[in-house]
Amino acid sequence: MLRPKIPTNPTPTGAVMPLSVEPAAGVIQHTPAPAPAPVPAAAVSSRPVVQLTPGTLIALVGGGTAVVLVVGAVLVSMLLAVAVTAASVAVCAVVLRSMLNGQRQR
């Protein structure tokens, strides 16, 4: 049966480990898994520190204010569009009602 050849993959440490080849006879051999590389203590506890200077704080407040104003303007315009549509439908209903009542009376 044909078996695909899989290339060797580099491990995170950079060492290239070849794949184990199965024996032709029915003997199964297990190779132990490589031990994980120890993680340095400095890499675990070091996180980037965010420092807010007065300039960045003003930029964040200004950006947040702009977002709130834009979202508010969009919501108000949508509400205004719904109100105008409702008013025009109400006017159309009154006109149709008066036209239908005028034909019934004649």
Side-chain angles (χ1 to χ4, degrees):
M1 197 155 136
L2 299 175
R3 294 184 186 221
K5 293 194 176 204
I6 301 172
T8 58
N9 295 325
T11 60
T13 58
V16 177
M17 295 179 51
L19 293 176
S20 61
V21 179
E22 294 181 15
V27 180
I28 297 176
Q29 295 177 352
H30 294 285
T31 57
V39 178
V44 173
S45 63
S46 66
R47 285 193 251 164
V49 179
V50 177
Q51 294 179 352
L52 293 177
T53 62
T56 58
L57 190 61
I58 290 173
L60 285 175
V61 170
T65 304
V67 167
V68 167
L69 290 176
V70 167
V71 169
V74 168
L75 291 178
V76 167
S77 65
M78 288 173 65
L79 181 64
L80 183 62
V82 169
V84 167
T85 303
S88 65
V89 168
V91 168
C92 288
V94 169
V95 169
L96 284 174
R97 183 177 176 190
S98 66
M99 288 173 57
L100 291 175
N101 283 338
Q103 284 185 354
R104 286 185 195 163
Q105 290 176 358
R106 288 185 187 167

Fill in: Residue pairs involving residues 49-63 (criterion side chain to side chain donor-acceptor pair (under 3.5 Å); sequence neighbours excluded)
Thr53-Thr56
Identify every side-chain donor-acceptor pair in residues 60-67 under 3.5 Å, counting partners at least two apart or on other chains, and give the distances.
from, atom 1, to, atom 2, distance (Å)
Thr65, OG1, Val61, O, 2.8

Which donor-acceptor pairs under 3.5 Å do side chains of residues 74-81 form with protein atoms, sequence neighbours excluded?
from, atom 1, to, atom 2, distance (Å)
Ser77, OG, Ala73, O, 3.2
Ser77, OG, Val74, O, 2.7

Worksheet item: Which pairs, with at least one residue in residues 79-100 and sequence neighbours excluded, count as a side chain to side chain donor-acceptor pair (under 3.5 Å)?
Response: none
